[in-house]
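Report on one structure; see the data block that follows.
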Number of protein chains: 2
Amino acid sequence: MDDTRWLTEAEQEVWRTFITMLGALVDTLDKQLQRDSALPYTYYEILVVLSHAPDRSLRMSELAGLRGSSRSRLSHAVARLESAGWVERRECPTDKRGSLAVLTDKGFEVLAAAAPGHVTAVREAIFDRLSPEQVRELGRISATVLDGLDPGQCLPGSRELG
Amino acid sequence: MDDTRWLTEAEQEVWRTFITMLGALVDTLDKQLQRDSALPYTYYEILVVLSHAPDRSLRMSELAGLRGSSRSRLSHAVARLESAGWVERRECPTDKRGSLAVLTDKGFEVLAAAAPGHVTAVREAIFDRLSPEQVRELGRISATVLDGLDPGQCLPGSRELG
DNA sequence: CGCATCAGGTTGAGAGTTCAACAAAGCGGT
DNA sequence: ACCGCTTTGTTGAACTCTCAACCTGATGCG
């Protein structure tokens with residue numbers, strides 16, 4: 001009946017610390033962006049990805065794939081970003097089903113204004129506190145864990161853009 | 001004007017891998033729990049914390065602090081868990097403002113039924129994929145990052161329960 | 001061509017979270 | 001005892017995310 005391989009004490013300790021850190025980190029970054037730029041973290045990420053894309057535009061499904069987000073979620077998010085005037089929707093020239101999301105100049109400015117605060121928060125939370133070797137190890141650990149998770153969550157290309 | 005210390009290429013790579021892993025991990029665990037136990041991850045955590053508490057009961061604010069959650073969020077969550085019959089609210093005997101959240105037997109059973117699948121998912125995602133030394137390093141890294149974040153996010157005691 | 005099937009995207013309802021406002025009870029000084 | 005301030009917890013509205021249903025256009029096949 002119970003052939004579950006439970007966690008050892010040490011593993012539990014690591015897991016609790018890790019998952020607590022994770023929640024606190026996301027909370028901190030989200031609150032910083034919300035406070036300084038009135039932008040949820042996930043929306044910020046959409047603007048970032050768009051800003052790096054050719055013509056600052058991407059198909060909806062590409063955008064969803066790159067951010068590991070569902071189509072539905074992205075559709076709602078882009079609708080909201082569009083009503084703020086930061087993103088525009090255009091018809092896809094090669095596939096009449098498709099939509100292109102395009103970052104507007106206004107959207108780019110919002111992103112440019114939000115980035116310094118966000119990067120500083122990330123640096124203070126992570127890179128100023130870890131040794132260079134710890135940072136490298138964190139990268140290796142993250143890549144290993146990521147490789148083991150459902151590939152549907154994040155397309156291979158999701159690590160090409162920054 | 002721009003004295004922001006931007007991330008190096010290598011740091012960006014680590015950060016993107018890390019944050020992508022993080023999202024995919026939470027998604028995976030959340031979907032597993034939702035599918036197998038119809039339980040959001042945050043609600044599962046509430047049941048876990050309660051199950052370890054004396055008398056399986058805690059003050060609302062203690063519970064919120066231990067899970068790094070806002071009072072409001074917890075209040076809504078407990079209301080939902082109560083309507084499912086998994087948690088009960090009782091008056092606090094020492095402070096008439098307070099509420100106690102108590103895990104019911106039914107709630108304990110739900111938790112017991114959900115735990116094996118969840119632990120297995122965690123083990124497969126993390127502990128089966130990392131070397132023992134990587135696990136230790138992940139623990140150290142997490143603790144270091146956590147210490148740097150807003151202490152309001154998680155009380156000191158948040159790492160005493162499991 | 002005609003039809004079934006599939007892929008891209010949107011929509012609306014329901015669930016969870018956040019935020020600000022609020023009520024009730026404790027605390028502290030006078 | 002009284003008054004103000006703090007703490008505890010709840011509530012309702014606004015917002016985000018998920019899920020299922022749906023529409024449209026592409027694709028495959030007889």
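Values below: every heavy atom of this structure, side chains too, minus hydrogens, waters and symmetry copies. Sequence lines set the chain letters: A, B, ... in the order given, protein chains first and strands last, and positions in each chain run from 1.
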If the condition is side-chain hydrogen bond (donor to acceptor under 3.5 Å, both in side chains), which residues does A:E82 pass it with, not counting sequence neighbours? A:R89
Who passes salt bridge (charged side-chain N to carboxylate O under 4.0 Å, His left out) against A:E88, sequence neighbours left out? A:R90
Those residues at least two apart in sequence (or on a different chain) that pass salt bridge (charged side-chain N to carboxylate O under 4.0 Å, His left out) with B:R123 are A:E11, B:D128
Qualifying residues under salt bridge (charged side-chain N to carboxylate O under 4.0 Å, His left out), relative to B:R140, sequence neighbours excluded: B:E133, B:E137
Partner set under side-chain hydrogen bond (donor to acceptor under 3.5 Å, both in side chains) for B:R71, not counting sequence neighbours: none
For the backbone of A:A121 and the side chain of A:E124, can you confirm whether one donor and one acceptor N or O come within less than 3.5 Å of each other? no
5' to 3' on DNA chain D, which nucleotides open and close the contacts with chain A (atom under 4.0 Å from a heavy atom)? D:dT16 to D:dA26
Residue set satisfying ring pair (Phe, Tyr, Trp, His ring centres under 6.0 Å) with B:Y41, at least two apart, ordered chain then number -> B:H118
side-chain hydrogen bond (donor to acceptor under 3.5 Å, both in side chains) partners of A:D30, counting only residues at least two apart: none
Residues 76-114 of chain A vs ring-ring contact (aromatic ring centres under 6.0 Å, His included), sequence neighbours excluded, gives none
Contact state string [nucleotides 9-18 of chain C, B base, S sugar-phosphate only, - no protein heavy atom under 4.0 Å]: BBBB---SSB
Across all chains, not counting sequence neighbours, the side-chain hydrogen bond (donor to acceptor under 3.5 Å, both in side chains) partners of B:Y44 are none
Consecutive-pair stems (at least three Watson-Crick or G-U pairs, under 3.5 Å) that include DNA chain D: C:1-30 with D:1-30
